Amino acid sequence: YDSGPDINRAELAFPPPDPRSLISDPRTQPGDNEPLGTFKFNLIPLLEEEITKTGGVLHLARNGAEVAQYLLNLAKRINAKTIIREDSHILHNLKLDQILTDEGFLVIIDNFGDEEESKAAWRQQAKEASLGITSIDYILADTATVVIKSRPGRSRILSLVPPIHVAIGEEQQVLPQLEDLFRQETTLKSSSAFIFITGPSRTADIEQTLTIGVHGPIEFHLILLAHG
């Protein structure tokens, strides 16, 4: 597709995120004895370490309210006006739209249909969005790589065009490594292609000078919901 004019993402550089300023890890909040859930704690420390290496941010959430609060704080930090999200079961069930709308943000849902004219209009809206929110299918703990299966109506624009990509998943979607994904034969047969995302966009020139956000998001956030 036509991605339009190049975005000077250096002009969009935001102050580096401090996860504690968004929402502290609920396991460490003073006086909070509510159990976090049933996170696979044997994999979460590894996932957190690896995602930090990539320049991404991991947040563990117990419910939709904590997800919404994290998104609100993130959107306010960058003075976002438009948020675009995937039309998926998990994001619908979290009921984020009304909460974000009540705070003054324009929320656009990825359901543009099949007409080329509506697709073009939706792509333009995606270019103007500050946050792109997607669900995930799996997350590989050893490399902090998000795995998203392609399917009709699921656009890659959401994870590529907005300067900040927020991926939301559940703890049961965490796999130790790539080999565990390949062992799931039914998973591999259910999609014609997979998207692998590891941290923010990184580009290096011949002199090995690394630049963040030239060909994709300058920030990557993974919000993981506890199961049970």
Side-chain angles (χ1 to χ4, degrees), residues 16-75 77 85-86 88-96 131-149 158-159 164-184 186-188 194-202 212 216-228:
D18 180 356
R20 292 170 297 179
S21 69
L22 301 174
I23 292 183
S24 298
D25 186 332
R27 290 173 295 176
T28 62
Q29 291 181 4
D32 189 353
N33 296 319
E34 181 183 352
L36 177 60
T38 57
F39 277 111
K40 299 178 180 177
F41 283 105
N42 57 323
L43 293 178
I44 294 303
L46 173 61
L47 173 59
E48 186 170 22
E49 178 182 355
E50 292 303 317
I51 202 169
T52 301
K53 289 179 182 178
T54 69
V57 179
L58 172 67
H59 174 66
L60 308 181
R62 287 170 291 199
N63 50 49
E66 292 188 353
V67 173
Q69 189 60 57
Y70 187 91
L71 291 174
L72 282 174
N73 290 343
L74 176 59
R77 173 173 67 81
R85 76 160 176 87
E86 179 185 272
S88 66
H89 181 71
I90 182 174
L91 298 183
H92 175 75
N93 287 344
L94 287 173
K95 304 184 185 304
L96 302 172
L131 270 73
I133 305 175
T134 69
S135 62
I136 68 171
D137 290 290
Y138 298 100
I139 175 75
L140 309 179
D142 68 334
T143 57
T145 298
V146 165
V147 182
I148 300 177
K149 294 190 289 185
L158 290 172
S159 62
I164 294 182
H165 175 208
V166 180
I168 300 177
E170 298 176 305
E171 59 103 1
Q172 63 266 34
Q173 294 173 303
V174 180
L175 298 177
Q177 55 191 351
L178 184 62
E179 288 78 0
D180 296 283
L181 176 66
F182 289 151
R183 291 191 185 102
Q184 304 195 44
T186 55
T187 295
L188 297 178
F194 289 82
I195 302 168
F196 292 82
I197 301 171
T198 306
S201 170
R202 292 168 175 258
I212 305 297
I218 62 176
E219 288 186 23
F220 173 74
H221 298 250
L222 173 63
I223 302 176
L224 208 56
L225 278 159
H227 178 67

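Predicted, not measured: the structure shown is a model, and the values here were computed from it.
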- [ ] Kindly indicate, with the supporting measurements, whether the criterion side chain to side chain contact (heavy atoms under 4.5 Å, CB included) is fulfilled by Asp180 and Tyr138.
- [x] CA-CA 10 Å; Asp180 296 283; Tyr138 298 100; over 6 Å; no
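- Here the straight-line distance linking atom OG1 of Thr198 with atom CD1 of Ile139 works out to 7.5 Å at 0.5 Å rounding.
- In this structure, Glu50 contributes its side chain and Ala144 its backbone to no donor-acceptor pair below 3.5 Å.
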TODO: Using the side chain to side chain contact (heavy atoms under 4.5 Å, CB included) rule, take His59 and Ile223 through it: C-alpha gap first, then chi angles, then the decisive distance, then the call.
DONE: CA-CA 5 Å; His59 174 66; Ile223 302 176; 4.2 Å; yes
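- In this structure, Leu224 CG and Gln172 CD are separated by 8.5 Å, a value rounded to the nearest 0.5 Å.
- Across every non-hydrogen atom of Ile164 and His221, the tightest pair is CG2-CD2, 3.9 Å.
- Taking both residues in full, the closest heavy atoms of Ile197 and Ile148 are given as CD1-CD1, 4.0 Å, listed atom of the first, atom of the second, then distance.
- Gln69 contributes atom CD, which lies 11.0 Å from atom CG of Asn63 (distance to the nearest 0.5 angstrom).
- Atom CD1 of Ile90 sits about 8.0 Å away from atom CG of Asn93, to the nearest 0.5 Å.
- The side-chain heavy atoms of Val57 and Glu219, taken from C-beta on, include no pair separated by under 4.5 Å.
- Contact between Leu74 and Leu131 at its shortest, heavy atoms only, is CD2-CD2, 3.9 Å.
- Using a 4.5 Å heavy-atom cutoff, the side chains of Val146 and Phe220 are in contact.
- One finds the OG1 atom of Thr52 at 7.5 Å from the CG atom of Leu58 (value rounded to the nearest 0.5 Å).
- Judged purely by atom type and a 3.5 angstrom limit, Asp137 uses its side chain to pair as donor or acceptor with the backbone of Lys149.
- For the pair Glu49 and Lys53, the salt-bridge criterion is met [side-chain N within less than 4.0 Å of a carboxylate O].
- Residues Arg62 and Leu225 come closest through the heavy atom pair C-CD2, 4.0 Å.
- Atom OG1 of Thr145 sits about 11.0 Å away from atom CG of Leu222, to the nearest 0.5 Å.
- Contact check for Arg85 versus Leu96: no side-chain heavy atoms found under the 4.5 Å cut-off.
- Between Gly64 and Leu94, the shortest heavy-atom contact is CA-CD2, 3.6 Å.
- Listed here is the closest heavy atom pair of Gln173 and Gly169: OE1-CA, 3.2 Å.
- Tyr70 places none of its side-chain heavy atoms less than 4.5 Å from the side chain of Ile168.
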